[in-house]
Number of protein chains: 2
Amino acid sequence: MARKKSQTESSTETTETTRRAPMRDFSRSLPMSLLRAREAVMRQFRPSLRNHGLTEQQWRILRALTTVDAIEVTELARVAFLLGPSLSRILRDLEARQLIERRAAKADLRRAVVSISAKGLKLIEAVAPTSEAIYAEITSRYGARKLAELQDMLGVLERSLVAMEVAGEESGEIEE
Amino acid sequence: MARKKSQTESSTETTETTRRAPMRDFSRSLPMSLLRAREAVMRQFRPSLRNHGLTEQQWRILRALTTVDAIEVTELARVAFLLGPSLSRILRDLEARQLIERRAAKADLRRAVVSISAKGLKLIEAVAPTSEAIYAEITSRYGARKLAELQDMLGVLERSLVAMEVAGEESGEIEE
DNA sequence: CGATTTCACTTAACATGTTAATCATCTGCC
DNA sequence: GGCAGATGATTAACATGTTAAGTGAAATCG
């Protein structure tokens, strides 16, 4: 908890003008930096996905399904990084479009097991070339080594924050 | 693409086998890395914001408004990095809650000028200490220098991609 | 001027993010 | 076996993301 308030005070003089240089500090916050970077990346992919009638999340799910034979919904949510409710809706739609197949797990009827269909695979194969070309272009422009370094730093950040959450819970704040 | 199919039977311990190293390449893509990192960051802030009845976007807007006297909607969308329709809805709600004030520009009745209200300022001041403490904690955990380097790399990436878009348009694809 | 086009929003419509509640099954314990 | 609590998945409700269409005001051009 010990935290010295050092650069938190600089906001007074950062607001030197209040009219020009609109919120330099704010737009440079970490969440904003990450948001803008991700948006800049996705803006490259969205048109191609859209041409094939897929949203970004639908693509993530189908893409994930190509790497496994079948997978339970909860596990799919984890790998595709979607919350349960979003995944539920999307799976319903993808199933209606016959891009995926779903069945109940024999040993536990609560669990649903999902897999990609032949039609879904065909769709993926139609989109993949463009996507990979875009990804290659990004890698080329930014630099493969730099890109790897960036992703490494993002991974470290992610793990730092998970550790931070754990640290915050080990007191007695599990009250509800 | 090649991934050896293990087993999806034996539901109980399938979780054991399947959860290790599934789709390594996919979950390591740049968009996923950025998404997970940002989510890990925002997960730290959301509870505090929620306690004050604010969403992330509402906070972004109010926070942006504290750095200027008044600002036009389009410009606010640019700084807070929100699309017009989202901003329209949020401004409507914030205005109903009397956290902001809105008036038409004298010189151009199409434009609306927004500013934060006294009530909005008070709310910001109530939330800011916690937010800044969290941000300081993140900075401390990850390292201030490393954080600055990360944000710099994100900025470079963003500019690379903008340049990439421009390059894609300079042929004749401005057809409708 | 006056019609047309452009511009600054705003609405509409649909998909997802987010949290809470619901539902069905499962598990542990008696 | 049966019941209370845990668990997997879905549904509900509201907020935002995203693209397209609509609205009113301003700029442009004939």
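Values below: all heavy atoms of this structure, side chains included; hydrogens, waters and symmetry mates excluded. Within every chain, numbering begins at 1; the chains are lettered A, B, ... in the order of the sequence lines, protein sequences first and strands thereafter.
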Salt bridge or not between A:E75 and A:R78? Use side-chain N to carboxylate O under 4.0 Å.
yes

Do A:E39 and A:R46 sit within salt-bridge range, that is, some charged N less than 4.0 Å from a carboxylate O? yes

Classify the nucleic acid contact of [X] as base, sugar-phosphate or nothing, counting any heavy atom under 4.0 Å across all strands shown.
X: B:L87; answer: nothing
X: B:S86; answer: base
X: A:T55; answer: sugar-phosphate

Among [options], find the nucleotide with the atom closest to the side chain of [X].
X: A:R102; options: D:dT10, C:dT19, C:dT16; answer: D:dT10
X: B:R46; options: C:dT16, D:dT18, C:dT18; answer: C:dT18
X: B:L83; options: D:dT19, C:dC9, D:dT11; answer: D:dT19
X: A:D108; options: C:dT25, C:dT16, D:dG17; answer: C:dT25

Distance check needed: [N] [atom2] versus [X] [atom1], whole Å only.
X: A:R50; N: C:dA13; atom1: CZ; atom2: C1'; answer: 12 Å
X: B:L54; N: C:dT18; atom1: CG; atom2: P; answer: 16 Å
X: B:L109; N: D:dG24; atom1: CG; atom2: P; answer: 13 Å
X: B:R103; N: C:dA8; atom1: CZ; atom2: C1'; answer: 16 Å
X: B:L82; N: C:dT10; atom1: CG; atom2: P; answer: 14 Å
X: A:M42; N: C:dT16; atom1: CE; atom2: P; answer: 13 Å
X: B:L94; N: D:dT16; atom1: CG; atom2: C1'; answer: 13 Å
X: A:E39; N: D:dT16; atom1: CD; atom2: P; answer: 17 Å

Q) Would you say the side chain of B:R110 and the base of C:dC7 hold a donor-acceptor pair, judged only by whether the two atoms sit under 3.5 Å apart? A) yes

Quiz item: Is any side-chain N or O of A:R89 under 3.5 Å from a base N or O of C:dG17, one able to act as donor and the other as acceptor?
Solution: yes

Q.
Ignoring hydrogens and geometry beyond distance, is a side-chain donor-acceptor pair present between A:E101 and A:S117 at under 3.5 Å?
A. no

With B:L91 as partner, the option from B:V114, B:L82, B:L99 fulfilling side-chain contact (heavy atoms from CB on, under 4.5 Å) is B:V114

Heavy-atom closest pair (A:V113 atom, A:A70 atom, distance to 0.1 Å) is CG1-CB, 3.5 Å

* Using only side-chain N and O atoms of B:Q57, determine if any of them is under 4.0 Å from OP1 or OP2 of C:dG17. => no

